[in-house]
Amino acid sequence: MTVSSVTTAMKVTGEFPVPRSPMPKPGRCVVIILGAEGDLAHRKLWPALFRLFLDDGMPDEFAIVGVERDTATNDEAFRAVVAGALKAAGIDDAVSQERWSEFARRLFYVAADLGTAEGYAELHRRLETVDQTVPDVQGHLFHLALPPSLYPSVIRQLAAADLLPKSRDPADRPWTRVVIEKPFGHDGVSAQALQRGARRVMAEHQLYRIDHYLGKETVQNLLVLRFANSLFETSWNRHYVEEVQITASETLGVEHRGTYYEEAGVVRDVFQNHLLQLLTLTAMEPPTAFGADSVRDEKVKVLRAIRPVQPDAAVRGQYGPGHLDGVDVRGYRQEEHVAPKSQTPTYGAMRFTIDNWRWQGVPFFVRAGKRLAASGTEIAIRFRRPPLMLFPAEAGERLASNLLVARIQPREGISLCFDVKVPGMAMQARTVEMDFAYAEGFGTQEHDAYETLLLDAMLGDQTLFMRSDEVEAAWAIVDPLLAYWEAQPPDRFPNYAAGSAGPPEADELMARSGGKWRGLGANS
Ligand code: BG6
């Protein structure tokens with residue numbers, strides 16, 4: 001598609017920069033991070049909790065307990081670890097420094113081995129003391145920042161140590177909630193086993209399954225874009241939409257997560273969760289209300305309408321050595337903790353088919369990969385051309401079909417391409433682009449996804465968390481493909497160079513449907 005360089009920016013009208021609305025305030029609680037010094041806590045949880053505190057989103061009284069096995073660490077040493085995480089996240093301005101001591105005095109460390117009953121007994125004892133520091137404490141939030149394989153035993157042992165009382169009613173006080181991270185299971189069968197184990201000791205309203213994509217501002221904006229604007233909703237169907245392309249490309253490799261990634265691969269890492277969530281929010285029917293169950297009911301319906309992916313509608317790839325941003329980078333098989341002959345895919349491209357009235361016949365092409373030429377996550381909706389084109393394109397140009405692109409990241413925003421008359425005597429048309437960028441339009445910094453999700457978990461709002469039936473429906477879509485790929489080793493891995501646009505097979509998949517992938521980085 002040739003899109004003219006004529007781009008018009010859209011601005012937000014009214015007071016600028018737009019003032020922030022006040023954060024809802026959760027009730028007093030204690031947050032317990034299991035795996036307090038791990039990668040997730042370090043990169044995401046500590047910065048998010050502190051930013052929430054700076055934004056006045058933490059309860060007026062709270063405590064945070066970090067749990068790790070290290071007996072040499074005490075409260076003071078632990079506070080220094082957290083301060084280090086904040087610094088690494090770039091939070092060390094003067095205001096933050098001032099408020100740091102207020103935050104730090106609410107941080108406590110518990111050395112406990114979560115593999116033993118004694119570890120949980122110790123946690124129980126220490127929590128009783130910490131609870132005393134939060135007058136009228138209303139709840140406990142356990143965040144399992146641990147390898148997913150530990151979830152079943154940790155949940156069971158929390159319950160056995162009386163740390164996780166089963167609740168009948170979401171209104172019960174004090175509440176106890178457990179947050180876990182994707183991937184939920186390794187496949188449909190293990191996801192069901194995890195679910196059965198959890199349901200034995202707790203209610204569904206106590207379990208918060210994080211897919212951090214749902215906490216992203218731009219992902220939530222998909223709902224607003226679709227359901228607050230009748231303009232888009234009326235054409236959001238097979239009569240007007242020709243195809244949908246969803247891309248999540250990363251320049252990063254697997255970094256130091258080789259062990260995890262070798263087990264996961266691209267399908268479990270991002271397709272079964274983040275990408276199917278993007279697809280679902282794009283394709284779902286309007287919910288009757290913006291409530292946890294109404295939204296998730298509609299999501300489950302569309303997930304169940306997606307046909308399990310067949311091997312001939314999917315392509316896998318693995319990066320080899322290459323060149324990225326001016327430097328030589330190693331291939332996946334040369335990364336730390338990766339087998340020298342690993343068959344793990346780091347790239348996937350798939351064509352999804354949705355069997356319902358709205359989407360019958362509209363292909364949803366989805367691709368994701370590591371070590372690609374550019375980073376960017378977007379959803380591009382291409383509309384059908386008019387049945388009869390009355391106007392020629394301007395000399396040297398080609399008219400593109402209408403295209404709506406929701407940029408999830410970077411340059412978060414939305415763009416719309418449409419045709420206009422070229423000024424002059426001749427009736428010639430040209431495609432132009434209207435562009436809305438959040439940062440320029442609103443002039444505010446977005447909240448990190450984890451801030452939103454941790455706040456919602458403290459508030460008891462499950463709208464942005466995955467429900468068990470959603471998780472199972474998503475596994476049902478990819479399970480047959482995973483089984484096939486695991487039984488049939490790839491013909492040639494690595495099949496794309498780091499820094500490239502991915503394997504040529506992905507272009508062939510597209511070409512079979514007569515289409516072409518959008519350029520990587522087209523949205524930045
Ligand atoms: C994580 C995956 O869930 O999402 C990573 O495990 C991936 O492999 C990351 O890099 C992408 O998240 P974001 O927010 O950077 O797009």
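Keep in mind it's a predicted model, so treat the numbers as computed, not measured. First listed ligand is number 1; within each ligand, the first listed atom is number 1.
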Classify the ring geometry between Phe103 and Trp100 as parallel (under 30°), tilted (30 to 60°) or perpendicular (over 60°). tilted
Taking the six-membered ring for Trp and the full ring for Phe, Tyr or His, determine whether the centres of Tyr347 and Tyr496 are under 6.0 Å apart. yes
Distance under 6.0 Å and angle within 45° of the ring axis: does Arg99 meet both against Phe53? yes
Nearest-contact summary for atom 8 (O) of ligand 1 - protein heavy atom, Å: Asp269 OD2, 2.6 Å
For atom 12 (O) of ligand 1, what is the closest protein heavy atom, and at what distance to 0.1 Å? His212 NE2, 3.2 Å
In chain order, what residues pass the salt bridge (charged side-chain N to carboxylate O under 4.0 Å, His left out) check against Glu68, with sequence neighbours excluded? none
Closer than 4.0 Å to some heavy atom of [X] - which atoms of ligand 1 meet that?
X      : value
Gln409 : 13 (P), 16 (O)
Lys216 : 13 (P), 14 (O), 16 (O)
His274 : 1 (C), 3 (O), 4 (O)
Lys370 : 5 (C), 7 (C), 8 (O), 10 (O)
Lys182 : 1 (C), 2 (C), 3 (O), 6 (O)
Tyr213 : 12 (O), 16 (O)

Arg43 atom CZ, neighbour heavy-atom count above 12 within 6.0 Å: yes
Which residues pass the ring-ring contact (aromatic ring centres under 6.0 Å, His included) test with His274, not counting sequence neighbours? His212, Tyr213
Ranking Arg268, Glu255, Arg257, Glu250 by closest non-hydrogen atom to atom 11 (C) of ligand 1, top hit is Glu250
For Gln272 and Lys182, test the side chains for any donor-to-acceptor distance below 3.5 angstrom and give the result as yes or no. no
